[in-house]
Amino acid sequence: MNTTEHNLKLYNSLKGQKEAFKPLHEGHVGMYVCGPTVYYDVHLGNCRTFVSFDIIYRYLQHIGYQVRYVRNITDVGHLTDDGEDRMAKGARVAQLEPMEVAQKYTVGFHDMMRIFNTLPPSIEPRATGHIPEQIQMVQDIIEHGYGYERNGSVYFNVRKFDRENPGAYGKLSGRVLDELLAESRDNLKSQDEKNDPADFAIWMKARPGDIMVWKSPWSVGFPGWHLECSAMSTKYLGQTFDIHGGGNDLKFPHHENEVAQNMGACGCAPANYWLHTNMLLLNSKKMSKSDGNFITPQDLFSGENDLMSKAYSPMVVKFFMLMAHYRSTLDLTDDGLLAAEKGYRKLMETNKLLQQLQPDARDFDGSESDTDRAILALIDEAYAGMDDDFNTAIALAALNEMGSYVHKLVNKQIDASEIAPWVIERLKTIFNLFITDIFGLRDEAGADNADGTVDGLMELILDIRKAAREQKDWPTSDKIRDGLAAVGIAVKDGKEGSSWTKN
Ligand code: AMP
Ligand code: ZN
């Protein structure tokens, strides 16, 4: 596919508007996305952000770009509100080495990304693997007059940066410095060392008990959290690159400080386009680990949670995410997931039916019909949705309408002579490409259930279990549930009856 056929527009948080996408180097895209802090299992909110950027990565490649996608692993420097390093805290609580904690949750994160069928990034750098680059950046910032040392720590001089680069600090979040300050939660113990409350640490001197520490020209200590992304994006994508992404909760302070650091170190802004995903909500509030308002993907897949009536499979959860544009909030509800389950199954069944269609050229009367034109227009609509800031909701709606033509054809509500064989072939190709290449959806029914055998058997087994439960025959009921669990099938009992998912 040729990138010039696509009039791709992105919503650029830096400008607060949609803009035509023009990469720095024709045909190539450099994209940096802030990755997870690996001190705990990822929650579903984190997954929404990474699934959204995976779709963006897939689509850019689909339309012909060669993409270098860098997504980091934060394994040092991201402090809790009490000023303790999240990794060190995780290690202290679990009595492990910080690197054991990082390894454990990095592996868990990768497993989850595979379960959601996302592609690995081109480079996945770790903050602890880039300490020299971060020290060099602190030095550059000091040399350019934006950093100062206090008792072995180094701070970024935000007031000076704001004075000399009017409007740069606060541009992403659409605020001026004093408004940002008012909502800042930066209550580090070192506050009184700074010249100004707006300043932030780019290097921190170790305190007694700190275990993740490195030598630097200023002290034995560790880099500030925001610094790693500035240093690693520069190293792998250059001083200025195309796209920087993350959840919109990172706009301030993390991304504002990143921009300031890059500009402070080299005089140039890092990314031309800043893309921010909106939040996944639970109970109408941001899903968040630190507020305890979260659900892990595993709990959703197994059905072992008090929030949902049944278990939902990974592809159903992914489909649920795709039903909304990445810039809208999305409330995780049982009703939403039930609708996603229906929509996902329908899409997979339609694709199966479509791929089996064998149009016979003799059925076709040779002229282009209204139906041909309507199907081709829907294909254009699906692409137009994706070209308009990666709107998966619009693309899915267009696929759904294409699907209704497939069903009408199969049910003989439309005569085969109304659709040109080449239109059917194009529909087959595009429909499948959207599902597999662009959305990265897998057919969970799989080959072993291609003809619905597993569904049928499971219905029979759950009926037998239901009868046992009605007669209070608990040993039989438990034997069936445990036996299914042993082969990787989770049964969840709810008000509406029992449901199952394959782990
Ligand atoms: P963290 O591990 O906390 O650094 O977060 C990793 C990524 O997940 C960041 O890009 C966050 O913005 C994003 N994130 C955190 N909570 C949510 C949420 N509720 N919905 C969507 N993205 C989130
Ligand atoms: Zn970052």
Side-chain angles (χ1 to χ4, degrees), residues 1 3-23 29 31 33 45 47-65 67 69 116-119 242-248 272-281 315-332 336-337 339-340 343-344 346-347 350-351 374-404 427 430-441:
M1 196 161 287
T3 57
T4 52
E5 287 168 22
H6 289 265
N7 198 357
L8 185 60
K9 287 205 191 93
L10 316 184
Y11 183 88
N12 189 355
S13 307
L14 206 53
K15 308 273 180 66
Q17 64 186 32
K18 275 188 204 158
E19 293 182 331
F21 178 61
K22 291 257 173 305
V29 177
M31 175 163 89
V33 172
C47 295
R48 182 192 188 196
T49 285
F50 299 125
V51 164
S52 299
F53 282 106
D54 178 64
I55 305 283
I56 291 172
Y57 177 41
R58 285 170 175 274
Y59 190 65
L60 289 168
Q61 291 186 97
H62 177 75
I63 62 174
Y65 286 109
V67 187
Y69 173 25
F116 276 118
N117 202 27
T118 67
L119 301 171
D242 297 301
I243 298 176
H244 193 311
N248 69 7
N272 287 335
Y273 301 86
W274 283 79
L275 269 53
H276 286 102
T277 53
N278 213 326
M279 295 291 104
L280 183 68
L281 311 180
M315 288 302 114
V316 166
V317 178
K318 183 168 182 178
F319 187 91
F320 170 73
M321 294 176 183
L322 297 177
M323 284 164 67
H325 184 214
Y326 78 87
R327 277 196 299 116
S328 316
T329 52
L330 178 61
D331 212 347
L332 188 75
L337 287 164
Y344 165 74
K346 191 169 158 208
L347 188 69
T350 305
N351 195 28
I375 291 173
L376 294 172
L378 285 170
I379 291 176
D380 288 347
E381 222 172 284
Y383 274 113
M386 291 305 289
D387 286 341
D388 185 10
D389 195 29
F390 311 104
N391 199 326
T392 51
I394 289 184
L396 266 185
L399 287 192
N400 233 340
E401 280 196 52
M402 291 175 216
S404 65
L427 184 60
I430 302 293
F431 207 84
N432 202 47
L433 276 175
F434 262 87
I435 291 175
T436 56
D437 284 24
I438 299 175
F439 294 151
L441 287 169

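Heads up: numbering here begins at 1 and tracks the sequence. Keep in mind that what you see is a predicted model, and the values were worked out from it rather than measured.
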If you compare all heavy atoms of [X] against all heavy atoms of [Y], which two are closest, and at what distance to 0.1 Å?
X: His276; Y: Ser13; value: ND1-OG, 2.8 Å
X: Asp54; Y: Leu119; value: OD1-N, 2.8 Å
X: Arg48; Y: Met279; value: NH1-O, 3.3 Å
X: Gly385; Y: Ile394; value: CA-CG2, 3.7 Å
X: Asn12; Y: Tyr273; value: OD1-CA, 3.5 Å
X: Thr436; Y: Arg58; value: O-NH1, 3.4 Å

Out of curiosity, [X] [atom1] to [Y] [atom2], how far, rounded to the nearest 0.5 Å?
X: Phe116; Y: Met315; atom1: CZ; atom2: CE; value: 7.5 Å
X: Leu378; Y: Ile430; atom1: CG; atom2: CD1; value: 12.5 Å
X: Met321; Y: Phe50; atom1: CE; atom2: CZ; value: 11.5 Å
X: Ile438; Y: His62; atom1: CD1; atom2: NE2; value: 3.5 Å
X: Leu332; Y: Leu281; atom1: CG; atom2: CG; value: 9.0 Å
X: Ile379; Y: Glu401; atom1: CD1; atom2: CD; value: 12.5 Å

- Task: Take Ile243 and Leu10 through the test side chain to side chain contact (heavy atoms under 4.5 Å, CB included) and record every step on the way to the result.
- Result: CA-CA 10 Å; Ile243 298 176; Leu10 316 184; 4.1 Å; yes
- Check: Lys318 side chain, Phe439 main-chain N or O, donor-acceptor pair, under 3.5 Å: yes
- Message: Less than 4.5 Å apart, side chain to side chain, heavy atoms only: is that true for Leu399 and Thr350?
- Response: no
- Any side-chain heavy-atom pair of Met323 and Leu330 under 4.5 Å: no
- Check the side chains of Asn7 and Asp387 for a donor-acceptor pair under 3.5 angstrom, ignoring hydrogens and angles. no
- Item | Aromatic plane relationship, Phe21 with Tyr65 - under 30° parallel, 30 to 60° tilted, over 60° perpendicular | perpendicular
- How are the rings of Tyr69 and Tyr57 set to each other: parallel, tilted or perpendicular (split at 30° and 60°)? tilted
- Full working for side chain to side chain contact (heavy atoms under 4.5 Å, CB included) between Asp437 and Gln61: CA-CA 9 Å; Asp437 284 24; Gln61 291 186 97; over 6 Å; no
- Between Asn248 and the options Asn278, Thr49, Thr329, the side chain to side chain donor-acceptor pair (under 3.5 Å) test singles out Asn278
- Among Thr277, Asp389, Asn391, find the residue that satisfies the side chain to side chain donor-acceptor pair (under 3.5 Å) test when tested with Tyr326. Asp389
- Task: Could you walk me through whether Thr118 and Phe53 pass the side chain to side chain contact (heavy atoms under 4.5 Å, CB included) test, one step at a time?
- Result: CA-CA 9 Å; Thr118 67; Phe53 282 106; over 6 Å; no
- Message: As a quick check of understanding, evaluate side chain to side chain contact (heavy atoms under 4.5 Å, CB included) for Met386 and Ile63, giving each step before the final call.
- Response: CA-CA 10 Å; Met386 291 305 289; Ile63 62 174; over 6 Å; no
- Message: Would you say the ring centers of Phe434 and Tyr383 fall short of 6.0 Å from each other?
- Response: yes
